[in-house]
Amino acid sequence: MLLTTKFLRPAADARAVRRERLLQILQRRPGKRLNLVIGPAGFGKTTLVNQWCADQTLPVAWLSLDENDDDPRRFWQYVTGALIHAGFAGLESCPKAFNTYASHELEGAITGLINALVDGAGDGLNLVIDDYHQIQNADIHRQLAYLIGYLPPGMTIVLASRTEPDLPIAKWRVRQWVDDIHPQLLAFSEDECRRFFNECMALDLSQSEARRIWKKTEGWVAAMQLSALSHRDGVGHEGAAAPNPVPETTRQINDYILSEILDQQPEDVAAFLLDTACCLRLTASLCDTVRESSDSQAMLESLSQRNLFLIPLDTRDEWFRYHDLFREALFQRLQQTQPERIQTLQSRAVTWFLEHDHIQEAIAQLVQLRDWDWLASVLEQYGNNLIHGGFHLPVLDWLDKLPDGTVENSPRLSMLQIWGHFFANRLDAIEPRLERLEDLLDRRVADSHPDAEGALALQSEIALIRSYLARTRSDLKSAADLTQQVLRDIDHTQIPLKSVTYYGLGLDYFGRGDLPAAEEALQSAVSHGQIERKPSTVLSSGGLLAWIQFNRGQIEQALESCVNIRKWIDRHYTDPKQPKLISCWQNCTLIEIYRERGELELADTHLAPLMSHLENGTEPGQHVIIQYARARLAFTRGDYELAINALDDAQSVLERRREHIVFEPPNLAALKARVQLAQGQTEAARAWLETRHPDRFRNPLNAEQDSITAARVLIALGRSDEATPILTPLRLSTETGQHHKHLIEVLTVYADALATEGKAQEALSVLSEALKRAAREQLYRTFVEESPQVHTLLRQVSRQQVDGTFLDHLLDLLPVSRPVAGTHAAVSSGSAGLIEPLSARETEVLALINEGLANKDIALRMDVAGTTVKAHIRNLYGKLQVKSRTEALARARQLELLD
C-alpha cells in the first residue's frame with residue numbers, strides 16, 4: 001500500500017517570493033528531458049519547483065521521497081503510483097509488473113512503463129521527484145538513467161536534491177538534455193531577501209536591514225527564516241533586546257539556532273527538545289520513556305503545528321524526526337549544559353528500542369554510549385537473528401568494537417563470530433576459532449561453570465558448522481553424520497537451528513543425487529526458516545529447491561518457488577538499511593527459466609547482479625554455477641566465444657578449489673562439447689566423447705546430461721546407430737526418475753537419430769511425444785537449440801497431435817529457413833552473422849518495413865496490436881544491432897536477408 005500523501009504537491013503559498021529568474025531556467029524547451037535543482041537543506045528547492053508546477057499547462061505527477069524509498073522496487077512502485085495518481089491512463093499493468101518482477105528484473109518493468117508512457121502521454125507530461133538525495137542505491141540511479149535515456153517525447157522530469165545525483169549529468173549537458181540550478185543560483189538575491197521578509201514573513205525591514213541579513217546569510221533562506229522568527233518573537237515586547245546577529249556562514253548555524261530559537265522557547269518546550277535530541281526518530285511512546293512523562297504526543301503535535309523543524313514521517317502523526325541541523329544544534333547544547341544526562345536519556349531510549357524490536361537503533365545508541373557490556377549482552381541475545389537476517393558484516397564490526405578478550409571469553413559471542421565469518425564466506429577464519437571455543441566449553445563443563453548447561457547447548461551449533469566445513473572437503477560421510485547428530489539433539493536446544501540443518505541435509509541429498517529427498521529436506525528448510533525468521537537460509541534453500549525443480553523439468557513449480565520466496569523476503573524484510581539478499585541458486589534458476597522460454601531480456605536482469613560476484617570474488621561453488629548459467633545463456637544467443645570463456649573460467653576455479661565446493665557442480669564439459677558442435681568444431685567434440693567418464697557423476701542430472709550430449713555428438717559425426725543404445729535406457733531412467741526436462745531432451749535427440757536413419761514417421765511420433773510434454777511447462781529453447789534436422793521435423797508436426805498455441809510460438813522462434821546452395825538447411829545465427837536468429841514473425845516484420853509500411857499499417861497487415869509490432873521491431877533492432885529502420889534494412893541486405 002502506497003502513501004498517497006507522497007503524491008500531493010505542497011499547497012501553494014501566495015506569500016512566497018516568486019523567483020522569475022530561476023523559473024525561466026526551468027521552462028520547457030525542445031530537447032530538454034531533465035530539470036535539476038540542487039541545494040542544501042533550507043535553500044527553497046521545493047518551493048521553487050512548486051511554483052514552476054503551478055505555471056505548467058501539462059499535467060504534473062509529484063513524488064516526495066524519504067529514506068525508506070532507497071530500494072528499487074519501492075522507488076518504482078512510487079514513481080508509477082505518482083503517475084497514476086496524476087491521472088495518466090494506460091499504466092494499469094505497470095504496478096503489477098513492479099510488484100511481481102524480481103528486483104533484478106525491474107529493467108523489464110521499466111521498459112513496460114516507457115512503452116505505456118509513449119502510448120498514453122499525449123502531448124506531454126511532467127514528473128517531479130522531490131528529495132532525490134534520499135536515493136543512494138546505485139541500481140536506482142542506473143535504472144533512472146535508463147528511463148531518461150529513452151524518455152518519451154514531451155515528458156520532462158524534475159529532480160530536487162541536496163546533492164548532485166550519481167547520474168550521467170555531464171553527458172546529458174553536452175546533449176542539451178538538462179538545465180540545472182546549483183546552490184549559487186538558488187541563493188536569494190538581495191531584492192528577493194527583502195521581499196521575503198516583507199511579503200512572506202510580514203516584517204517591515206528597511207533596505208539596509210535587509211541588505212545586512214542578506215550578506216550575513218549569503219542568501220540562505222533557512223537562516224533568513226530563523227532571523228525572521230527571532231525578529232517576530234521580539235516584536236511587541238517592550239524593552240526587548242535586539243535580535244542576535246544571524247550566522248555569517250552555515251557552520252555557525254548551530255549557535256544561531258540555540259540563541260535565536262531554543263532560548264526563545266517556553267521552559268517546558270525547551271526541556272522537551274533537549275531531552276529528545278538523542279533520538280534520530282521520535283514517537284510519543286519513545287519520548288514518554290526517555291522523559292519519564294505522559295504528554296509527549298501533545299507536545300509533538302504542538303511542535304509540528306508551530307513548524308519548529310519537526311518533520312512528520314507518516315500521515316498518522318505517530319513518527320517524526322527533527323530537521324538534521326536543528327537536532328545537531330540541540331544535541332550540542334545538551335553536551336554543553338547537561339553531559340551527565342546524556343547517558344541516562346540514551347539508556348532509556350535503548351531500553352525502549354529493544355522492547356519494541358528496533359534492535360539496530362538500540363545498538364547504534366549503545367555504540368555512541370560506548371557501553372560495551374550492554375552491547376555484548378544485546379549481541380548475545382539478538383545477534384543470531386541479525387546474522388541470519390543478512391547483517392553478518394555489521395555484527396562482525398560490532399564484535400570488533402568490544403574490548404579485547406570479551407568475545408574470546410564468551411561462548412555465545414564466540415559462536416556468533418564464527419557464524420558471522422561463515423556467512424561472510426571467510427572459511428579459513430573458522431577452524432581456529434572453533435578449536436578455541438571447544439577448549440573453552442570443555443573447561444566450563446569440567447569446572448562446573450554456572451553456564452555449563454548453555455555450553456552443552458552450543459555443541460549442536462558447533463556440529464552444524466563442522467558439517468558444512470566437512471562438505472567443503474567433500475567429506476560427505478562426516479557431513480551426513482554431523483547433520484544427523486544435530487537433528488537428534490535439535491529439540492533440546494534453545495537455538496533455532498532447524499532451517500540451517502535441513503538446508504545442509506538438502507545439500508547432502510543433492511550431492512548424492514537423491515533429488516526427491518533433497519527437495520523434501522529443502523522444503524522443510526524453507527518452512528522452518530520462515531518460522532525462525534532466517535531470510536538468508538530461506539533464500540538459499542528456496543533457490544536450490546527451485547534449481548532442482550527446473551532441472552527435473554518442473555518449470556512452473558520452480559518459478560512459483562522463486563516468486564513465493566521473493567515475496568516472503570520482500571514482505572518481511574523491507575528495511576532499506578538491510579543488505580539486499582540475493583541467492584545465486586535462485587537467480588541462476590530464473591536465468592534458466594527465462595532463457596528456456598525465450599525471454600532473454602528478463603534472463604539478463606537476473607544475471608546482471610551476479611556479475612559483481614564474479615568480479616569481486618565469491619564462494620567457488622557459486623562462481624561455477626554463475627558461469628555455467630552465463631555460458632548457457634550465451635549459447636542460446638549464439639555467442640559461442642563468451643560461452644567457451646565462461647566455461648573455461650568455471651573449470652579453472654573448479655580445478656583449483658574443488659575441495660571448497662559443497663555440491664557436485666553441473667556438467668561443464670558436456671556443455672562445452674555442445675558449444676563446440678555449434679561452432680562446427682567436431683574434432684574437439686569427438687575428443688571429449690573419447691575421454692568422457694559418465695560413471696564419475698553422483699548427481700544423476702549430470703550423468704544424464706553427459707549421455708545426452710554424447711548422443712548429439714555421435715549423430716553429428718554420422719554415427720547415429722551408436723547414439724540409439726545410449727538413448728534407449730536413458731528414456732526409461734529419466735521417466736522413472738521424473739526428470740522431465742531430460743526426458744524431453746532424450747526424446748528430441750532420439751527423434752533426430754531416427755530421422756538420420758531414414759525413419760521419418762517414427763521420428764515424428766517420438767518428437768510429438770516430446771512436444772506434448774514440453775507444452776505443459778512451456779519449454780521452447782530445448783527445441784530451438786537442436787539441429788536443423790529437428791527444426792525440419794518440427795515444421796512437419798501435426799497440430800492435431802500437439803497444443804496449437806505452443807507449437808505456433810515455437811515455430812516463430814525457430815531460425816528462418818532459406819535455400820542455400822540448392823539445399824534447405826536452416827540458417828544458423830553464426831552463418832547469418834546475427835547475435836540470435838530472426839523468428840518467422842520478425843522476418844515478416846522486416847519484409848513489411850522493406851515495403852515502406854508504417855507501424856500501424858504493419859499491425860493491420862499482420863492482424864496484431866500496435867504494441868506487438870513495436871516489440872517485434874525492438875527485437876529485430878537488437879538482433880541486427882541497429883538503431884533505425886534505415887540501418888536495419890541496410891544490415892538485412894548485407895546479411896542477404898532481403899533482396
Side-chain angles (χ1 to χ4, degrees), residues 8-28 35-57 60 62 64 126 128-133 156 158-162 179-235 243 245-250 252-253 256-257 260-261 305-311 323 325-326:
L8 301 180
R9 185 158 59 92
D13 187 351
R15 300 170 303 167
V17 175
R18 185 169 175 82
R19 313 189 67 189
E20 293 292 348
R21 63 186 178 88
L22 302 182
L23 292 172
Q24 288 297 322
I25 297 174
L26 298 179
Q27 288 308 313
R28 298 171 66 91
N35 277 325
L36 189 59
V37 182
I38 300 174
F43 262 63
K45 301 182 295 295
T46 302
T47 301
L48 173 65
V49 173
N50 197 20
Q51 290 176 346
W52 175 82
C53 292
D55 294 341
Q56 300 306 301
T57 56
V60 176
W62 182 284
S64 297
N126 303 293
V128 174
I129 303 179
D130 196 19
D131 290 332
Y132 189 76
H133 56 270
T156 301
V158 182
L159 297 182
S161 176
R162 294 183 185 176
D179 284 333
D180 51 339
I181 295 176
H182 48 76
Q184 291 81 0
L185 278 175
L186 200 56
F188 272 47
S189 67
E190 180 180 351
D191 178 65
E192 289 170 336
C193 176
R194 180 182 55 80
R195 289 168 51 204
F196 171 78
F197 278 102
N198 294 347
E199 300 171 13
C200 183
M201 302 304 296
L203 291 173
D204 188 16
L205 295 183
S206 67
Q207 187 172 352
S208 62
E209 287 177 309
R211 180 179 295 114
R212 179 181 65 83
I213 294 175
W214 170 67
K215 286 183 177 180
K216 289 186 178 293
T217 60
E218 298 179 357
W220 183 14
V221 70
M224 290 160 48
Q225 183 180 12
L226 293 173
S227 178
L229 287 170
S230 67
H231 275 79
R232 187 174 64 192
D233 290 343
V235 172
V246 293
E248 295 181 1
T249 68
T250 57
Q252 295 172 288
I253 191 63
Y256 185 77
I257 289 174
E260 300 300 326
I261 300 299
Q305 291 168 1
R306 295 176 60 191
N307 294 316
L308 264 180
F309 300 94
L310 189 69
I311 301 170
H323 189 291
L325 298 175
F326 189 58

Side-chain heavy-atom pair [X], [Y] within 4.5 angstrom cut-off:
{"X": "D130", "Y": "V49", "result": "no"}
{"X": "V60", "Y": "V158", "result": "no"}
{"X": "V37", "Y": "W52", "result": "no"}

Approximate separation, where rounding is to 0.5 Å, of [X] [atom1] and [Y] [atom2]:
{"X": "Q56", "Y": "Q27", "atom1": "CD", "atom2": "CD", "value": "6.0 Å"}
{"X": "T47", "Y": "R19", "atom1": "OG1", "atom2": "CZ", "value": "9.0 Å"}
{"X": "L48", "Y": "R18", "atom1": "CG", "atom2": "CZ", "value": "10.0 Å"}
{"X": "N35", "Y": "I25", "atom1": "CG", "atom2": "CD1", "value": "9.5 Å"}

Using every non-hydrogen atom in the two residues, find where [X] and [Y] come nearest and quote the distance to one decimal.
{"X": "K45", "Y": "A160", "answer": "CB-CB, 4.4 Å"}
{"X": "R21", "Y": "S189", "answer": "NH2-N, 3.9 Å"}
{"X": "L8", "Y": "W62", "answer": "O-CD1, 3.7 Å"}

* Among L36, I38, L26, the one residue meeting side chain to side chain contact (heavy atoms under 4.5 Å, CB included) with I181 -> L26

* Asked: Just by modelled atom types, is the E20 backbone N or O under 3.5 Å from a matching donor or acceptor in the Q51 side chain?
  ->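 No; judged by distance alone, with no hydrogens or angles, the pair does not exist.
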
